[in-house]
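Keep in mind that the numbers below use all heavy atoms, side chains included, and drop hydrogens, waters and symmetry copies.
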Amino acid sequence: MDSEFLPETDTDEKGPLRRCAVTRQQGRPTEMVRFVVSPSSVIVPDLDAKLPGRGIWLSAQRDVIEQARTRGVFARAARCQVQVPDDLVSQIEAGLHRRMIDVLGLARRAGQSVSGFMKVRELITRRQAAVIIHASDGSGDELGRLVSGARNLPVIEVLSAQDLSKVFGRERVVNVALVPGGLASRLCCENERFSGVAQGGSRVRRTFPADGFEQAGQ
């Protein structure tokens with residue numbers, strides 16, 4: 001057995017940290033991606049980390065997941081023959097993108113978000129904004145004006161204006177802000193995972209530490 005890739009143990013799903021099956025480094029579950037083996041022996045991403053079965057954890061980094069896919073890491077960790085989809089990384093990228101949209105939808109329905117330049121700017125001015133979402137196809141100059149005087153705010157730029165418009169039911173939405181709370185935290189964490197997995201970072205124009213929203217909301 002390749003000592004570089006030791007199999008997971010049952011204890012790897014206990015406690016506050018998880019161990020990456022490739023790097024062997026420990027991390028928080030919110031920073032990683034869990035996989036399980038389906039009844040048909042196919043490796044399935046478990047982005048909610050709720051599917052039954054013993055999980056295989058990887059750091060949310062594209063190169064780590066590709067290494068696991070091509071070097072037999074999943075079979076060693078699962079201790080059985082498995083099928084690894086060729087488009088596994090694309091599945092994860094699409095799933096994380098969808099999860100960010102879902103979190104925004106929850107924030108809108110819970111009254112924890114505002115959209116539109118003036119409303120977002122007002123929230124920033126009152127120091128009540130936790131995280132800003134600026135459309136990936138939006139104007140950089142507009143973003144600069146929006147966050148003027150509050151450059152420490154985390155800004156997520158991976159969702160398009162079309163994505164944001166569907167969530168908020170308006171013709172074109174470019175700027176959104178979330179207030180401090182669990183949903184803002186979740187969105188930042190999902191952005192961090194997406195940023196690590198996205199193809200070449202091409203859909204991630206800027207990322208900030210997931211903890212930044214806490215400071216911004218103070």
Side-chain angles (χ1 to χ4, degrees), residues 1-103 136 154 156-159 163 182 185-213:
M1 178 180 294
D2 190 341
S3 60
E4 185 181 359
F5 300 118
L6 299 175
E8 299 290 281
T9 66
D10 292 339
T11 59
D12 286 321
E13 291 226 271
K14 299 177 181 178
L17 301 177
R18 303 292 182 266
R19 189 181 301 279
C20 175
V22 170
T23 67
R24 307 307 298 166
Q25 295 178 342
Q26 289 186 319
R28 294 180 296 180
T30 54
E31 301 169 342
M32 305 177 74
V33 179
R34 184 179 188 260
F35 300 83
V36 296
V37 182
S38 76
S40 55
S41 299
V42 177
I43 291 295
V44 176
D46 178 20
L47 300 180
D48 275 327
K50 292 181 179 179
L51 291 177
R54 187 164 149 277
I56 300 167
W57 292 84
L58 295 177
S59 300
Q61 298 294 327
R62 191 179 188 90
D63 59 339
V64 170
I65 298 170
E66 283 286 10
Q67 194 172 0
R69 186 182 68 82
T70 59
R71 297 188 62 180
V73 174
F74 288 114
R76 280 189 284 269
R79 302 189 185 116
C80 64
Q81 293 298 314
V82 297
Q83 300 177 46
V84 185
D86 292 338
D87 65 344
L88 184 64
V89 178
S90 297
Q91 288 183 30
I92 299 166
E93 182 176 347
L96 292 172
H97 181 264
R98 186 167 55 250
R99 286 173 65 85
M100 294 180 70
I101 293 174
D102 290 345
V103 173
S136 58
I156 294 174
E157 295 184 77
V158 300
L159 300 177
D163 292 331
S185 175
R186 281 178 58 186
L187 186 63
C188 287
C189 288
E190 296 296 358
N191 178 59
E192 287 297 305
R193 293 204 295 175
F194 180 85
S195 300
V197 175
Q199 173 66 47
S202 60
R203 295 172 67 188
V204 182
R205 293 169 57 189
R206 188 187 332 186
T207 58
F208 293 78
D211 292 336
F213 75 94

To the nearest 0.5 Å, what is the distance between CZ on Arg28 and CD on Glu192? 9.5 Å
Drop me the distance from Asp163's CG to Arg98's CZ, to the nearest 0.5 angstrom. 12.0 Å
Could you tell me the separation between the CG atom of Leu159 and the CG atom of Leu187, rounded to the nearest 0.5 Å? 7.5 Å
Nearest-0.5 Å distance, CD of residue Gln91 to CD1 of residue Ile65: 11.0 Å
Using a 3.5 Å distance criterion without hydrogens, assess whether the side chain of Asp46 forms a donor-acceptor pair with backbone atoms of Val36. no
For residues Val42 and Pro85, report the shortest heavy-atom separation together with the two atoms involved. CG1-CG, 4.0 Å
Is a donor on one side and an acceptor on the other found under 3.5 Å between the side chain of Arg193 and the backbone of Leu47? yes
Would a distance-only check, ignoring hydrogens and angles, find a side-chain to backbone donor-acceptor pair under 3.5 Å from Thr23 to Gln25? yes
Quick one: do Met32 and Cys20 satisfy side chain to side chain contact (heavy atoms under 4.5 Å, CB included)? Show the steps, please. CA-CA 8 Å; Met32 305 177 74; Cys20 175; 3.9 Å; yes
Just by distance, do the side chain of Arg76 and the backbone of Arg71 share a donor-acceptor pair under 3.5 Å? yes
dist Arg18:CZ -> Ser59:OG (nearest 0.5 Å) comes out at 13.5 Å
Is the shortest side-chain heavy-atom distance between Arg62 and Ile92 below 4.5 Å? no
Minimum heavy-atom separation for Ser38 and Val44, please, with both atom names. CB-CG2, 3.9 Å
Not counting sequence neighbours, which residues clear side-chain hydrogen bond (donor to acceptor under 3.5 Å, both in side chains) with Glu66? List them please. Arg69
Sequence neighbours excluded - ring-ring contact (aromatic ring centres under 6.0 Å, His included) pairs with any residue from residues 71-90: Phe35-Phe74
Check against side chain to side chain contact (heavy atoms under 4.5 Å, CB included), Arg34 and Ile56: CA-CA 6 Å; Arg34 184 179 188 260; Ile56 300 167; over 6 Å; no
Exercise: identify the closest heavy-atom pair between Trp57 and Ala49: CH2-CB, 3.9 Å
Evaluation steps, side chain to side chain contact (heavy atoms under 4.5 Å, CB included), between Ile43 and Val37: CA-CA 5 Å; Ile43 291 295; Val37 182; 3.9 Å; yes
I'd like to know whether His97 forms a side chain to side chain contact (heavy atoms under 4.5 Å, CB included) with Val158, so could you lay out the CA-CA distance, the side-chain angles of the two residues, the decisive distance to 0.1 Å, and finally the verdict. CA-CA 8 Å; His97 181 264; Val158 300; 5.6 Å; no
